[in-house]
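Written out below as C-alpha cells is the structure these notes cover.
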Protein chains: 2
Amino acid sequence: MPSITEERILDAARRVLCVNAGATVDEIAAEAQVGRATVFRLFKSRAGLLRTLGRRAILVTDQVAAEAAATAATATEALKAVITAVLGASEHYRFLGTAVELSEDEEITRAYDRQLSELADLVAAARREGSIRPDLPTAWVVAVIDGQLWATGAAVAKGAVGLLQAQELIWGTIMTGISAGKAIGYTNGE
Amino acid sequence: MPSITEERILDAARRVLCVNAGATVDEIAAEAQVGRATVFRLFKSRAGLLRTLGRRAILVTDQVAAEAAATAATATEALKAVITAVLGASEHYRFLGTAVELSEDEEITRAYDRQLSELADLVAAARREGSIRPDLPTAWVVAVIDGQLWATGAAVAKGAVGLLQAQELIWGTIMTGISAGKAIGYTNGE
DNA sequence: CTTATATGAGATGATATTGTATCATGCCAT
DNA sequence: ATGGCATGATACAATATCATCTCATATAAG
C-alpha cells in the first residue's frame with residue numbers, strides 16, 4: 001500500500017523528470033519537499049524509483065485505454081476513444097520520453113512495444129471497417145498516432161493549448177489533417 | 001576548419017547520443033574509434049562538444065529549410081518543401097530530442113524557438129492562401145507539424161519506414177490525415 | 001635521418017552522485 | 001506522559017565521470 005509520502009515523491013519525480021531527465025535524487029526530494037534519505041528508504045535506489053514510476057505509467061495508460069475501448073461499439077470509435085483518453089493521461093507517461101535509464105529497461109520497453117502492437121491491432125481493425133486509408137502502411141499510421149500523442153502532450157504541458165481543446169482537436173487532426181480542402185482524396189496534395 | 005578527426009567525433013556523438021542521451025566521453029570516443037584524450041583536445045570539454053553539435057544541428061536545419069523554401073512559389077508549397085527537407089535532415093538534429101544538457105542551453109533553445117516561430121509564420125502565410133483550416137489555432141498546427149517531424153524521424157531511424165517513403169507520406173498525412181473519407185469537412189468525425 | 005605534430009594509453013586529481021548509517025526531532029497512539 | 005515510528009539532516013564511503021597531464025608512438029614533411 002503506497003503511503004502519502006510515496007505518492008508525493010512519485011508525483012514530484014514525474015514533474016521534475018519531464019523538465020530534467022537527469023535529475024538527481026536531491027532534486028526530486030526537494031521537489032517533493034522530502035528529505036533525500038526518505039527517498040532511499042521508500043525506494044531502494046534511484047533506479048528503483050524510476051522503475052516504479054515507469055510501471056505506474058504503463059499501468060495507468062493501459063487502464064485508461066482499456067476503459068476507453070470498452071465504451072466503443074466499433075474499432076474506429078474505440079480508436080478515437082483510446083487516443084483521446086491516452087492524451088488525457090500524458091502527464092503520467094510523458095517523462096518516459098526523455099528518461100534515459102528506462103529506455104534500457106527490458107520491462108518498460110517491452111510494455112511500450114506491446115502497447116504499440118495493440119494500437120496497431122486497433123488500427124488494423126479500423127482499417128477493416130473502412131475508416132483508414134488502405135494505401136497507408138499500418139506502421140506509418142501507428143507512427144503518426146504515436147507522434148501526435150507525444151507532440152500534443154508536450155504542447156499541452158507547455159501551455160500552448162489546453163488539454164480539453166487538444167482532446168477535441170487531436171482526432172480530427174489525425175483523421176482529416178490540417179488542410180482546408182474538403183475532397184482531396186488520396187493524392188499527396190501536389 | 002574542422003579536421004577529419006573532428007568530423008568523425010561529431011558524427012559518432014550524434015549516433016551515440018540518439019541511443020543513449022547520457023553517453024560518456026568514453027563511449028563517444030569509442031564509437032569514433034578515437035582516444036578519449038583526443039576528444040578533450042579538439043573540444044574543450046564534453047559540454048563544448050555538445051554545444052558544437054547543437055549548433056551544427058541548427059545550422060544544417062536552417063540551411064536545408066532555407067534552400068527548400070527558396071524553390072517554392074507559394075507559402076503552401078514552401079511549407080511542403082520545408083517539411084520534406086527537414087525530415088530528410090532529421091539524423092542531424094534527432095539527438096536533440098533527448099540531449100538533456102542542451103535543453104538548458106540558452107543558445108540552442110532560443111534557436112529552436114526561432115525555428116518554430118518561423119514555421120508559425122509559414123503556416124500563417126499558407127493559411128492566408130486558403131490551404132489551412134481556418135478554425136485551427138496556429139499553435140496547434142505548428143505542434144502537429146513539429147510532432148509529425150519528430151515522430152516520423154524516429155520511425156525512420158527505427159527502420160519502421162524508409163526515409164523516401166516517409167518523405168512521400170508526411171505531407172499528405174499532415175494535410176489530409178489518415179482517414180479514408182473524402183469529404184469529412186470540419187467536424188471532429190463523431 | 002630528423003623534426004614536428006597528432007594521437008592513444010594511461011595516471012592523476014577534482015567533483016558529483018549514489019547509497020548507507022547515524023542521530024535528533026516531532027508526531028501519534030495508547 | 002511515554003514508547004514507537006517516520007522523518008530530516010548530516011556524515012560518510014564508494015563509485016563514476018570529467019578534465020588535465022605525461023609519455024611513448026606513429027606518421028608526414030623537410
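Side-chain atoms are counted along with the backbone in the values below, which use heavy atoms only and exclude waters and symmetry mates. Here is the naming used below: chain letters follow the sequence lines, and residue numbers restart at 1 for every chain. Nothing here was measured: the structure is a model prediction, and the numbers come from that model.
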Nucleotide [N], atom [atom2] - distance to [atom1] of [X] in whole Å:
X: A/Lys44; N: C/dT20; atom1: NZ; atom2: C1'; value: 11 Å
X: B/Asp26; N: D/dT20; atom1: CG; atom2: P; value: 15 Å
X: A/Ile9; N: D/dA6; atom1: CD1; atom2: C1'; value: 12 Å
X: B/Leu50; N: D/dA19; atom1: CG; atom2: P; value: 10 Å
X: B/Phe43; N: D/dT20; atom1: CZ; atom2: C1'; value: 18 Å
X: A/Glu6; N: D/dA6; atom1: CD; atom2: P; value: 12 Å
X: B/Leu49; N: D/dC18; atom1: CG; atom2: P; value: 11 Å

By nearest-heavy-atom nucleotide on DNA chain C, the more 5' of B/Arg8 and B/Arg36 is B/Arg8

Assert: residue with more 5' nearest nucleotide on DNA chain C, out of A/Phe40 and B/Thr38, is B/Thr38

Side-chain N or O of A/Thr24 less than 4.0 angstrom from OP1 or OP2 on C/dT17?
no

Under 4.0 angstrom between B/Thr5 side-chain N/O and C/dT7 OP1 or OP2: yes

Taking D/dG8, D/dA19, C/dA9 as options, the one with an atom nearest any side-chain atom of A/Val34 is D/dG8

Check: C/dG19 base within 3.5 Å donor-acceptor of A/Arg41 side chain |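 Absent.
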
* Asked: Are A/Glu107 and A/Arg51 close enough for a salt bridge, meaning some N to O gap below 4.0 Å?
  -> no

query: Are the charged groups of A/Arg114 and A/Asp62 less than 4.0 angstrom apart, N to O?
result: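 Here A/Arg114 pairs with A/Asp62 in a salt bridge, since their nearest N and O are under 4.0 Å apart.
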
Exercise for the section: To the nearest 0.5 Å, tell me how far B/Leu164 CG sits from B/Leu87 CG. Expected result: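 Between atom CG of B/Leu164 and atom CG of B/Leu87 there are 10.0 Å.
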
One should read off an interatomic distance between A/Glu101 CD and A/Arg46 CZ, to the nearest 0.5 angstrom, of 4.5 Å

Q: Please work out if B/Gln33 contacts a base, only the sugar-phosphate, or nothing of the nucleic acid, heavy-atom cut-off 4.0 Å.
A: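 Touches sugar-phosphate only.
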
